[in-house]
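Just so it is clear, the structure is predicted and the values come from calculations on it, not from any experiment. Counting starts at 1 for both ligands and their atoms, following the listed order.
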Amino acid sequence: MTAPTLPTDDALRDAAPRPFWTDRSDAPSPCDPVGRPTRCDLLVIGGGLTGLWAAIEAVRADPGRDVMLVEAQQVGFGASGRNGGFFSESLTHGIAHGVELWPDELPELLRLGRENVREITEFLGLEGIDADVRLCGKTAVATQPHHLPALDAAAALNVAHGERVEVLDRDAMQADVHSPTYLGGLRYLTGSGLLDPAELCWGLKRVALARGVRIHESTAVRGMRSGRDAVEVVTDGGAVHARQVVLATNAYPPLLRRLRLRVLPIYDHVLVSEPLSATALASIGWADGQGLTDVGNQFHYYRRTRDNRILWGGYDAIYYFGNRTDAAREQRDSSHRLLAQQFEQTFPQLEGLRFTHRWAGLIDSTSRFTPVFGTAHGGRVAYAVGYTGLGVAASRFGARVCLDLLGGHDTERTRLSMVRRKPVPFPPEPLRYPVVQATRAALAREDRTGRRGAYLRTLDHFGIGFNS
Ligand SMILES: Cc1cc2nc3c(=O)[nH]c(=O)nc-3n(C[C@H](O)[C@H](O)[C@H](O)COP(=O)(O)OP(=O)(O)OC[C@H]3O[C@@H](n4cnc5c(N)ncnc54)[C@H](O)[C@@H]3O)c2cc1C
């Protein structure tokens, strides 16, 4: 007997198994791989936002510096080309988390985060990069009664730290965006916005090339070892001898063993719909087109695209035993189906809408939801990994920290505790997998009941968390 077809199966039937953002005929042509042994002053490994900003900032600071960037696939292949495009000032994974971890340094962290977004926006304007940036804030929606007090608390905290917010009751929330699941909301009018991540990556690639950065795509780094006056970086096309290296490889298998303990690769799943008709758009309201997230631990994030599709992501964040990552894990039927079902519950009036794209991307989670920074190979290699799902803007900050560390500079960034101290390591396997599963189950329980159980409170006590 064949299984009955669910409406969600129809909605997903024609979805292309690749990220929406980079699935375009006007993608830039790829750069050649490394083809022979070579040398450079600075080698950036990883062509995501961290790597691109590191290369651009390095030549800005010293135009004579010979900078190379190598990327295993294409620029924007990783999280940078497959995210939600939420563009946030926060360097601390939200103000509440910053208050918990670095109360004394929070004013400085907030200032640095705001400056970072302002400088990115100015840079894009100066360079003519149209990444569809809209500083439209976002709304956090409550879908369970126990979410409502959290909105009031978040509102008070944000106002105290200089943000503009508005608490919405059920009627006001549903009047703004029409979903029967909404019980209330918190409209953040400042602090964040939206952009098109592929346009950002491709624009930065163009600028980097124009400024003399030698970019090589389809060039996977196989290993690194210290030489006398350089780091020898092994690629299939030949070794690169680099005086210094920025490691910007996010949650991909790390080229430094120590990072395995600090970063958990989590697959986060995303769908994008076909463009909405004018009637379909009118049926959901959403006049400001701001990003939306729901309040729980296991949350959705969603937004409209420039051509009025809906990107709907999150919720099912999956960790595979042994930090396993490979392309086959970017498609997971049960996760994509779950997302489609939850979309239907949120917007029943869009019944029949089809998804055109489905994918997953790697979130680089640390136990404190903010990156781990550091150096290796006698100070010649610097790394910034672990943005835990909030790196679209923070990656530029991370890139600048790497350059500060390589230069041995004492800056307002390197003096931060967030930069000087590392997050608590995750346990190694075979313990890691059951701990992650137990934590996910406890978080799901809290989402259902509104009660933070003893297990999560113990982790809180040790400053350990699981987030995407
Ligand atoms: C599904 C999803 C949704 C997200 N949504 C948001 C959001 O809305 N807002 C937000 O702020 N953040 C979001 N994030 C997080 C954000 O995308 C990342 O924090 C940010 O893009 C990290 O940039 P990166 O350059 O450090 O890493 P990446 O973009 O992952 O780049 C790393 C690159 O290194 C390359 N690489 C790896 N190993 C090697 C090697 N050995 N040799 C050569 N190259 C190598 C990879 O191919 C990859 O291109 C999301 C992430 C995901 C996965």
Kindly confirm or rule out an N or O of Ala79 lying under 3.5 angstrom from an N or O of ligand 1.
yes

task = Evaluate side-chain hydrogen bond (donor to acceptor under 3.5 Å, both in side chains) for His300 paired with Gln342, printing each intermediate quantity in order.
result = CA-CA 9 Å; His300 302 101; Gln342 292 164 334; 2.7 Å; yes

So ring pair (Phe, Tyr, Trp, His ring centres under 6.0 Å) across residues 11-30, not counting sequence neighbours, yields Phe20-His357

Once the angle between the rings of Phe369 and His97 is folded into 0 to 90°, is it parallel (under 30°), tilted (30 to 60°) or perpendicular (over 60°)?
parallel

If only atom types and distance count, is the side chain of Arg211 paired as donor or acceptor with the main-chain N or O of Ile56 below 3.5 Å? no

closest protein heavy atom to atom 31 (O) of ligand 1 is Gly48 CA, 3.6 Å

Honestly, for Leu362 the part within reach of ligand 1 (heavy atoms, under 4.0 Å) is backbone

shortest atom 24 (P) of ligand 1-to-protein heavy-atom contact is with Thr50 OG1, 3.5 Å

**Asked** With a 4.0 Å cut-off, would you call Asp130 and Arg306 a salt bridge?
**Response** yes

If you scan protein heavy atoms around atom 30 (O) of ligand 1, the nearest is Asn250 ND2, 2.7 Å

Item checked: Whether over 12 other heavy atoms sit under 6.0 Å from Tyr433 OH -> no

- Query: Any N/O of Ala72 closer than 3.5 Å to an N/O of ligand 1?
  - Reply: yes

**OP:** Return a yes/no value for Asp268: is any of its N or O atoms, backbone included, closer than 3.5 angstrom to an N or O of ligand 1?
**Re:** no

- Check the pair Phe343 / Phe355 against ring pair (Phe, Tyr, Trp, His ring centres under 6.0 Å), numbers first and verdict last. CA-CA 11 Å; Phe343 180 86; Phe355 295 103; 5.2 Å; yes

Note: ligand 1 atoms sitting under 4.0 Å from heavy atoms of Phe77 are 47 (O)

Output yes when the distance from some N or O of ligand 1 to some N or O of Val221 is under 3.5 Å, and no in every other case. yes

Margin query: Test your reading of the structure: does Phe87 have an N or O sitting under 3.5 Å from an N or O of ligand 1?
Written below: no

Logged contact type for Ala248 with ligand 1, heavy-atom cut-off 4.0 Å, is backbone

Item to complete: Using non-hydrogen atoms of the residue, decide whether Thr219 is closer than 4.0 angstrom to ligand 1.
Response: yes

Item to complete: Return yes or no for this condition: an N or O of Glu71 is under 3.5 Å from an N or O of ligand 1.
Response: yes

shortest atom 13 (C) of ligand 1-to-protein heavy-atom contact is with Gly389 O, 3.2 Å

Salt bridge (charged side-chain N to carboxylate O under 4.0 Å, His left out) with Asp66: of Arg214, Arg39, Arg243, only one passes, and it is Arg214

Atom 51 (C) of ligand 1: closest protein heavy atom, distance to 0.1 Å, is Ile363 CD1, 3.5 Å

When distances are taken from atom 23 (O) of ligand 1, the protein heavy atom at minimum range is Ser80 OG, 3.1 Å

For Gly361, the atoms of ligand 1 under 4.0 Å from one of its heavy atoms are 53 (C)

of all protein heavy atoms, closest to atom 39 (C) of ligand 1 is Thr249 CG2, 3.7 Å

Judged by heavy atoms only, the candidate from Thr325, Asn83, Thr293 nearest atom 50 (C) of ligand 1 is Asn83

### Message
Contact between Thr38 and His241 at the side-chain level, heavy atoms closer than 4.5 Å - yes or no?
### Response
no

Check your understanding: Checking Arg164 against Tyr188: charged group under 6.0 Å from the ring centre and within 45 degrees of the axis?
Key -> no

Charged tip of Arg413 within 45° of Phe373 ring normal and under 6.0 Å: no

Q | Geometric N/O contact Val392 with ligand 1, under 3.5 angstrom | A | yes

Quick note on ligand 1: atoms under 4.0 Å from a heavy atom of Leu49 include exactly 25 (O)

Among non-hydrogen protein atoms, atom 34 (O) of ligand 1 lies closest to Gly46 CA, 3.3 Å

Judged by heavy atoms only, the candidate from Trp53, Tyr301, Tyr267 nearest atom 1 (C) of ligand 1 is Tyr301

Numbered in order shown, the ligand 1 atoms found under 4.0 Å of a heavy atom of Phe86 are 7 (C), 8 (O), 9 (N), 10 (C), 11 (O)

Between Tyr301 and the options Asp294, Asn83, Asp268, the side-chain hydrogen bond (donor to acceptor under 3.5 Å, both in side chains) test singles out Asp268

With heavy atoms and a 4.0 Å threshold, my read on which part of Arg222 contacts ligand 1 is neither

For Val270 and ligand 1, does the shortest N/O to N/O distance drop below 3.5 Å? no

One finds that the ligand 1 atoms under 4.0 Å from a non-hydrogen atom of Ile45 are 42 (N), 43 (C)

Here the atoms of ligand 1 under 4.0 Å from any heavy atom belonging to Arg82 are 1 (C), 2 (C)

At under 4.0 Å between heavy atoms, what of Tyr252 touches ligand 1? The answer is side chain

